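Single-structure report; data block below.
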Amino acid sequence: FPVTITGAVVNKFGVFSDTTTQTAAAAYTPQAVTFDTTDASDGFSRGSPTSRIVASRKGHYNFQFSLQLSSGSSSNKKIWIWPRINGTDAVNSASEISLSGSGTMLVPSWNWVLYLAENDYFQLMFAVEDTNIQVTAYTAQTGANGTINFARPAVPSAILTVTEAAIVTGK
């Protein structure tokens, strides 16, 4: 779907991540995922607060995410994840997943194609049944460290990639 103008592709994109562990303040309370790093961007920026990802122009955008979830207690617990545009939940967009067992980890990831007007903002929302669920970050390892016996890059708590699905004109 990219539109080519004199040999240049003009699709907009953004890649954002977060290097901190995020914990819900309370059960059953929607909370926005924050992003402390802009890894790459042309046409998107982190807003204020940093949970807002702002589009520089109107269009249909593919929002893809992954969250590094961890469980801190042995009970079964649920988390719900969905998108918001300008503070309004996207219709028919939430998913529910469960974690069980202390130390359980899960990396949910999926995508939505959503329309944003110029200066609209996207937020990735979550709510938990039990505040023992965290969106967890891990620092990079440069060598043997406890049970980790190899070097590896950091594990961000959240990654969000936005790519333009189509350029909308005349609307």
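Since this is a predicted model, take the numbers as computed values, not measurements.
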Any residue meeting ring-ring contact (aromatic ring centres under 6.0 Å, His included) with Phe126, in chain and number order, not counting sequence neighbours: none
Distance (rounded to the nearest 0.5 Å) between [X] [atom1] and [Y] [atom2]:
{"X": "Asp120", "Y": "Asn86", "atom1": "CG", "atom2": "CG", "value": "4.0 Å"}
{"X": "Leu69", "Y": "Leu106", "atom1": "CG", "atom2": "CG", "value": "5.5 Å"}
{"X": "Ser98", "Y": "Asp130", "atom1": "OG", "atom2": "CG", "value": "11.5 Å"}
{"X": "Ser56", "Y": "Asp42", "atom1": "OG", "atom2": "CG", "value": "7.0 Å"}
{"X": "Thr104", "Y": "Asn132", "atom1": "OG1", "atom2": "CG", "value": "11.5 Å"}
{"X": "Trp112", "Y": "Gln64", "atom1": "CH2", "atom2": "CD", "value": "10.5 Å"}

Flag, side chain of Ser75 to backbone of Ser73, donor-acceptor distance under 3.5 Å: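 Judged by distance alone, no pair lies under 3.5 Å.
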Any donor-acceptor N/O pair, Gln31 side chain to Thr23 backbone, under 3.5 Å: yes
Name all residues meeting the side chain to side chain contact (heavy atoms under 4.5 Å, CB included) criterion together with [X]; count only those two or more places apart in sequence or in a different chain, and write none if there are none.
{"X": "Pro49", "value": "Ser51, Arg52"}
{"X": "Thr50", "value": "Thr34, Arg46"}
{"X": "Tyr138", "value": "Gln68, Ser70, Met105, Thr136, Arg152, Val155"}
{"X": "Glu129", "value": "Tyr28, Lys77, Lys78, Trp80"}

Set of salt bridge (Lys or Arg N to Asp or Glu O under 4.0 Å) partners for Arg84, sequence neighbours left out: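 So Arg84 forms a salt bridge (Lys or Arg N to Asp or Glu O under 4.0 Å) with Asp89.
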Aromatic ring pairing Trp110/Phe65, orientation class (parallel under 30°, perpendicular over 60°, tilted between):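 Because their plane-to-plane angle is over 60°, the rings of Trp110 and Phe65 count as perpendicular.
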Leu116 and Ile85: CA distance, side-chain angles, deciding distance, side chain to side chain contact (heavy atoms under 4.5 Å, CB included) verdict: CA-CA 8 Å; Leu116 274 71; Ile85 305 295; 3.7 Å; yes
Hydrophobic cluster membership, Ile81 vs Leu114, 4.5 Å side-chain cutoff: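 Yes, it is one cluster - the side chains of Ile81 and Leu114 are joined through contacts under 4.5 Å.
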Path from Ile159 to Phe122 over hydrophobic side-chain contacts below 4.5 Å: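 Each belongs to a different hydrophobic cluster.
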Which atom of [X] lies closest to which atom of [Y], heavy atoms considered:
{"X": "Ser45", "Y": "Ser41", "result": "N-OG, 4.3 Å"}
{"X": "Ser66", "Y": "Ser109", "result": "CB-CB, 3.8 Å"}
{"X": "Ala24", "Y": "Val128", "result": "CB-CG2, 3.5 Å"}

Pairs under 3.5 angstrom only: tabulate donor-acceptor contacts from the side chains of residues 14-21 to other protein residues two or more places apart or in another chain.
{"residue": "Ser17", "atom": "OG", "partner": "Asp39", "partner atom": "OD2", "Å": "2.9"}
{"residue": "Asp18", "atom": "OD1", "partner": "Asp36", "partner atom": "N", "Å": "3.0"}
{"residue": "Asp18", "atom": "OD2", "partner": "Thr20", "partner atom": "N", "Å": "3.0"}
{"residue": "Asp18", "atom": "OD2", "partner": "Thr20", "partner atom": "OG1", "Å": "2.5"}
{"residue": "Asp18", "atom": "OD2", "partner": "Gln22", "partner atom": "NE2", "Å": "3.2"}
{"residue": "Asp18", "atom": "OD2", "partner": "Ser157", "partner atom": "OG", "Å": "3.3"}
{"residue": "Thr19", "atom": "OG1", "partner": "Asp36", "partner atom": "OD2", "Å": "2.6"}
{"residue": "Thr21", "atom": "OG1", "partner": "Ala137", "partner atom": "N", "Å": "3.1"}

Chi angles and distances behind the side chain to side chain contact (heavy atoms under 4.5 Å, CB included) call for Leu99, Ile133: CA-CA 8 Å; Leu99 280 90; Ile133 293 178; 4.3 Å; yes
Co-members of the apolar cluster containing Tyr121 [side chain, <4.5 Å]: Val54
Hydrophobic cluster of Val107, others only, ordered by chain and residue number, side-chain cut-off 4.5 Å: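 Joined to Val107, directly or through intermediates: none.
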Partner residues of Ser93 under the side-chain hydrogen bond (donor to acceptor under 3.5 Å, both in side chains) criterion, sequence neighbours left out: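 For Ser93, no residue satisfies side-chain hydrogen bond (donor to acceptor under 3.5 Å, both in side chains) once neighbours in sequence are set aside.
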Heavy-atom side-chain contact between Thr163 and Asn11 under 4.5 Å: no
Any Leu124 side-chain heavy atom under 4.5 Å of Ile53 side chain: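 No. Closest side-chain heavy atoms not under 4.5 Å.
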Residue pairs involving residues 34-55 (criterion ring pair (Phe, Tyr, Trp, His ring centres under 6.0 Å); sequence neighbours excluded):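 Found Phe44-Tyr61.
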Criterion side chain to side chain contact (heavy atoms under 4.5 Å, CB included) on Glu164 and His60, from CA distance to verdict: CA-CA 6 Å; Glu164 193 165 22; His60 287 87; over 6 Å; no
